[in-house]
Amino acid sequence: SIKFDGTTDYVKDTSYTAPSQLTTGSFAYWFKADALDAEYDAIDMFGSPSSTHRVMSAVTATNLAFFIAGSNPLNVAHSGIITAGQWHHRIDTWDTTGDIFKMYIDGVLKGTSTTATGDNTNISQLNVGIDKGNGYEWKGDLKDIRVYDSAITDAQADLLYKGQWNGSPYTWWKFNEGTGATATDS
């Protein structure tokens, strides 16, 4: 895992090449938030213009938040679901053609939304531990970050959480290099 200090630690892939039409997809990752008192952004994938071509997964003071295409289709109150200082597995899925968004915590579906959003084309950068420039740096640990070009199913979410399924992630940063300034896409 990588420990992010909430101020200067983050990973930026400024030459990220997403699938050409990112109308369906999933984020999957393990996180341990040091605190649950402000907004901390785990993953931010965006293009141009970043206000409408964007997918982001965050933890706020009260919610597990998922943003897509300039809107916030899914918020799940985290009270009783996650605890600061403990590891949790999170999956966010999206299907903008059917306007279906889901959030899983520790293999269990915790929220679903059918809010209409735009499409996510032109994705050209992926940030881990920071958003596109508004701050909100992650404070805690992140590991095993995956981006899928399909929406993970309920059964796959359970198996992924248990370590019994990997699927075929489009991007997979394990963050198990140990030391150094380079993270490898597996």
Side-chain angles (χ1 to χ4, degrees), residues 1-4 9-33 40-47 54-59 64-68 73-74 76 78 81-83 86-98 100-113 120-121 123-130 138 140-186:
S1 72
I2 293 182
K3 176 75 170 174
F4 294 86
D9 295 335
Y10 54 85
V11 175
K12 285 189 176 187
D13 184 347
T14 57
S15 61
Y16 185 73
T17 304
S20 61
Q21 293 292 327
L22 201 58
T23 55
T24 61
S26 304
F27 288 144
Y29 61 97
W30 285 91
F31 72 95
K32 180 170 64 170
Y40 301 106
D41 296 346
I43 305 172
D44 188 12
M45 208 168 49
F46 59 93
R54 185 174 193 195
V55 185
M56 187 174 70
S57 183
V59 174
L64 297 159
F66 179 63
F67 301 87
I68 193 162
L74 188 54
V76 174
H78 58 58
I81 296 175
I82 64 169
T83 304
Q86 292 185 3
W87 282 104
H88 296 281
H89 189 256
R90 177 170 172 175
I91 300 171
D92 296 318
T93 71
W94 63 91
D95 177 350
T96 59
T97 58
I100 300 169
F101 308 93
K102 294 181 178 183
M103 184 184 302
Y104 302 85
I105 301 297
D106 297 333
V108 177
L109 180 64
K110 294 295 184 179
T112 301
S113 172
N120 291 295
T121 56
I123 299 293
S124 60
Q125 183 164 329
L126 185 139
N127 293 345
V128 176
I130 191 171
W138 185 261
D141 296 75
L142 295 168
K143 67 179 180 179
D144 197 24
I145 295 177
R146 305 170 192 212
V147 178
Y148 292 87
D149 59 2
S150 62
I152 290 174
T153 68
D154 294 350
Q156 291 168 336
D158 180 55
L159 292 172
L160 184 58
Y161 166 67
K162 293 175 180 174
Q164 298 172 350
W165 180 81
N166 288 325
S168 298
Y170 183 80
T171 301
W172 186 359
W173 288 351
K174 295 178 182 178
F175 291 153
N176 63 355
E177 289 82 6
T179 61
T182 303
T184 303
D185 178 0
S186 299

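Note that the structure is a prediction, hence the values are computed from the model and not measured.
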Is it the case that the side chain of [X] and the backbone of [Y] share a donor-acceptor pair, with hydrogens and angles ignored and the cut-off at 3.5 Å?
{"X": "R146", "Y": "K174", "answer": "no"}
{"X": "T96", "Y": "T23", "answer": "yes"}
{"X": "D41", "Y": "I43", "answer": "no"}

Non-hydrogen atoms of [X] and [Y] that approach each other most closely:
{"X": "A28", "Y": "L160", "result": "CB-CD2, 3.6 Å"}
{"X": "D13", "Y": "N127", "result": "N-OD1, 4.4 Å"}
{"X": "F4", "Y": "D9", "result": "CD2-O, 3.2 Å"}
{"X": "T24", "Y": "A151", "result": "CB-N, 4.3 Å"}
{"X": "F27", "Y": "S57", "result": "CD1-CB, 3.9 Å"}
{"X": "F31", "Y": "V59", "result": "CE1-CG2, 4.5 Å"}

Ring geometry between H89 and Y161 (parallel below 30°, tilted from 30 to 60°, perpendicular above 60°):
tilted
Check the angle between the aromatic planes of F101 and F66 and answer parallel, tilted or perpendicular using the 30° and 60° thresholds.
tilted
So, [X] versus [Y]: side-chain donor-acceptor pair below 3.5 Å or not?
{"X": "H88", "Y": "D106", "value": "yes"}
{"X": "W172", "Y": "D144", "value": "yes"}
{"X": "D92", "Y": "Y104", "value": "no"}
{"X": "T171", "Y": "Y16", "value": "yes"}
{"X": "S150", "Y": "Y170", "value": "no"}
{"X": "Q156", "Y": "D154", "value": "no"}

Do K32 and W30 meet the cation-pi criteria used here (NZ or CZ under 6.0 Å from the six-membered ring centre, within 45° of the axis)?
no
Report yes or no: is the cationic atom of K143 (NZ for Lys, CZ for Arg) closer than 6.0 Å to the six-membered ring centre of W87, at no more than 45° off its axis?
yes
For residues [X] and [Y], determine if any side-chain heavy atom of one lies less than 4.5 Å from a side-chain heavy atom of the other.
{"X": "M103", "Y": "L64", "result": "yes"}
{"X": "W94", "Y": "V55", "result": "yes"}
{"X": "F175", "Y": "S1", "result": "no"}
{"X": "I152", "Y": "T93", "result": "yes"}
{"X": "M45", "Y": "M56", "result": "no"}
{"X": "L126", "Y": "D44", "result": "no"}

How far apart are the C-alpha atoms of V11 and W173, what are their side-chain angles, what is the distance that settles it, and do they pass the side chain to side chain contact (heavy atoms under 4.5 Å, CB included) test?
CA-CA 11 Å; V11 175; W173 288 351; 3.4 Å; yes
Tell me every residue that passes side chain to side chain contact (heavy atoms under 4.5 Å, CB included) with T112, counting only those two or more places apart in sequence or in another chain.
K102, L109
I'd like to know if K3 pairs up with D141 as an ion pair, taking the criterion as any Lys NZ or Arg NE/NH1/NH2 lying under 4.0 Å from an Asp or Glu carboxylate oxygen.
yes
Under the criterion side chain to side chain contact (heavy atoms under 4.5 Å, CB included), I'd like the reasoning laid out for I105 against I82: C-alpha separation, chi angles, the key distance, then a yes or no.
CA-CA 8 Å; I105 301 297; I82 64 169; 3.9 Å; yes
